[in-house]
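Reading through the structure tokens given below for one structure.
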There are 2 protein chains.
Amino acid sequence: MTEAAVETIQREMTAFARRARASAGRMHPELSLVSYTLLGHLEESGGLRATDLAAHYALDKSTVSRQVTTLERAGLVERRRDPEDHRVQLLHLTEAGRRILAQVSVRRRAAVQERLVDWAQEDLERFAAYLVRYNARSGAGTEDD
Amino acid sequence: MTEAAVETIQREMTAFARRARASAGRMHPELSLVSYTLLGHLEESGGLRATDLAAHYALDKSTVSRQVTTLERAGLVERRRDPEDHRVQLLHLTEAGRRILAQVSVRRRAAVQERLVDWAQEDLERFAAYLVRYNARSGAGTEDD
DNA sequence: CGCACCAAGTTGTATTATGCAACCAGAAGA
DNA sequence: TCTTCTGGTTGCATAATACAACTTGGTGCG
């Protein structure tokens with residue numbers, strides 16, 4: 001039955017989330033899971049507004065504000081005033097930010113890879129595809145949950 | 001290439017993690033994401049030790065202990081002394097716990113299901129199986145990650 | 001223009017989850 | 001018995017977060 005599968009997916013995803021959070025601290029002392037994710041986001045599309053990030057991650061703007069402050073103090077991101085609208089700050093990765101992000105990514109990927117070492121290539125690809133499909137939907141959609 | 005699939009899995013899992021975290025609070029006033037997940041776990045296999053839960057979710061035993069305390073005070077779980085080993089408490093859902101869990105499950109499943117609505121049954125099951133496999137490894141294994 | 005309202009961010013405050021370390025109680029083995 | 005191990009609890013500190021009040025800049029309408 002679909003019910004069971006859905007239930008399992010929901011629970012296992014949650015379990016993963018827990019683990020991801022737990023392991024995040026060991027990746028880089030300076031970089032929490034959220035910070036890391038924010039950096040990753042900025043890497044892909046520089047010049048984001050804090051509000052965009054908040055919306056995207058369903059976080060309060062105050063939370064993002066503080067996270068960004070931390071990242072800025074660590075020298076990993078830069079706030080640039082938007083000349084078009086002086087309320088807005090466009091966030092950009094610094095060189096240091098880019099470097100650190102690359103470092104952490106490598107380490108993170110290694111950790112994941114270790115757990116996937118005995119998977120068949122075909123399964124890996126299917127699993128990856130499923131995850132993309134799942135997340136694509138939640139990312140694009142109505143921004144709830 | 002394995003690299004690409006691993007990279008994708010890593011990224012997508014992380015993406016999910018942040019969202020799960022973000023949406024955690026809004027399901028049931030009484031039930032945090034973790035509590036809910038713990039309940040779900042107990043439903044499937046009653047008589048778990050707190051330590052088992054801690055290991056599975058990569059949580060500190062103190063955290064689990066407190067969560068269980070909360071759940072117990074809410075009347076949702078029961079601690080039963082293991083007659084074999086008096087250090088151990090076997091955790092069981094109460095009737096109320098079962099009821100609440102069912103309620104929340106419905107709501108939550110609806111949310112997840114909405115995202116999975118156009119998936120083929122076969123894909124759902126495979127996805128679920130992959131997640132289980134992935135998590136099983138990190139849970140049973142070397143406890144790092 | 002000037003005033004009312006909206007939007008982006010910041011800061012104060014409280015809550016909650018969490019980990020770590022110290023501790024207690026029961027079990028197991030020498 | 002004494003030592004060591006394991007399951008669990010509690011004290012303490014920290015980090016992430018939400019919410020609300022506030023500041024500053026933009027927009028629109030009279």
Side-chain angles (χ1 to χ4, degrees), chain A residues 14-15 17-39 47-74 77-91 144-145, chain B residues 14 17-39 47-74 77-91 143-145:
Chain A
T14 304
R18 293 247 33 78
R19 300 181 157 280
R21 185 181 195 282
S23 68
R26 272 163 276 173
M27 290 298 151
H28 190 95
E30 300 290 327
L31 234 50
S32 75
L33 177 64
V34 174
S35 295
Y36 168 75
T37 317
L38 294 184
L39 281 192
L48 286 175
R49 285 142 59 222
T51 303
D52 295 336
L53 291 176
H56 198 324
Y57 298 116
L59 288 169
D60 191 78
K61 55 185 180 165
S62 67
T63 300
V64 173
S65 173
R66 284 183 240 264
Q67 293 282 349
V68 170
T69 300
T70 304
L71 288 174
E72 188 190 33
R73 269 205 286 262
V77 306
E78 232 179 32
R79 291 161 146 131
R80 299 190 197 151
R81 219 76 205 185
D82 183 348
E84 310 276 298
D85 183 338
H86 278 220
R87 293 169 302 184
V88 172
Q89 303 171 352
L90 298 176
L91 304 171
D144 64 325
D145 180 49
Chain B
T14 305
R18 88 215 164 196
R19 298 195 140 269
R21 177 80 190 150
S23 69
R26 327 195 225 296
M27 314 189 311
H28 189 97
E30 300 289 329
L31 234 49
S32 75
L33 176 63
V34 174
S35 297
Y36 166 76
T37 316
L38 295 184
L39 282 191
L48 284 176
R49 288 143 54 220
T51 303
D52 296 336
L53 292 176
H56 195 93
Y57 294 107
L59 287 169
D60 192 78
K61 55 184 181 168
S62 66
T63 301
V64 172
S65 172
R66 283 182 241 265
Q67 293 282 350
V68 170
T69 300
T70 305
L71 289 173
E72 188 189 35
R73 268 206 287 264
V77 306
E78 230 178 33
R79 290 161 148 131
R80 299 191 198 150
R81 218 79 203 185
D82 183 347
E84 310 276 299
D85 183 339
H86 278 222
R87 292 169 302 183
V88 172
Q89 302 172 353
L90 298 176
L91 303 170
E143 199 43 52
D144 66 326
D145 147 86

>> Any base atoms under 4.0 Å from A/Arg79, or only sugar-phosphate, or nothing? Heavy atoms, all strands.
In response: sugar-phosphate

Nucleotide [N], atom [atom2] - distance to [atom1] of [X] in whole Å:
X	N	atom1	atom2	answer
B/Asp82	D/dG8	CG	C1'	13 Å
B/Leu91	D/dT9	CG	P	9 Å
B/Glu84	C/dG26	CD	P	17 Å
A/Arg49	C/dT10	CZ	C1'	16 Å
B/Leu53	C/dA17	CG	C1'	16 Å
A/Gln89	C/dA7	CD	P	18 Å
A/Leu59	C/dG9	CG	C1'	15 Å
A/His86	C/dC6	NE2	C1'	18 Å

>> Let me confirm one number: the CG-CG distance from B/Leu71 to B/Leu39, rounded to the nearest 0.5 Å.
In response: 5.0 Å

Any non-hydrogen side-chain atom of [X] less than 4.5 Å from a side-chain atom of [Y]?
X	Y	value
A/Arg79	A/Leu91	yes
A/Arg80	A/Gln89	no
B/Leu38	B/Tyr57	yes
B/Leu59	B/Leu53	no
B/Leu90	B/Arg49	yes

> Can you check whether B/Lys61's main-chain N or O pairs, donor with acceptor, with B/Ser65's side chain at less than 3.5 Å?
Replying inline: no

Pull out every protein N or O sitting under 3.5 Å from an N or O of nucleotides 19-24 of chain D, one pair per line with the distance.
unit_1, atom_1, unit_2, atom_2, d
D/dC19, N4, A/Ser62, OG, 2.7

> Looking at the side chain of A/Ser65, which of C/dG9, D/dG8, D/dT9 is the nearest nucleotide?
Replying inline: C/dG9

> Nearest of C/dG26, D/dT17, D/dG25 to any side-chain atom of A/Gln67?
Replying inline: D/dT17

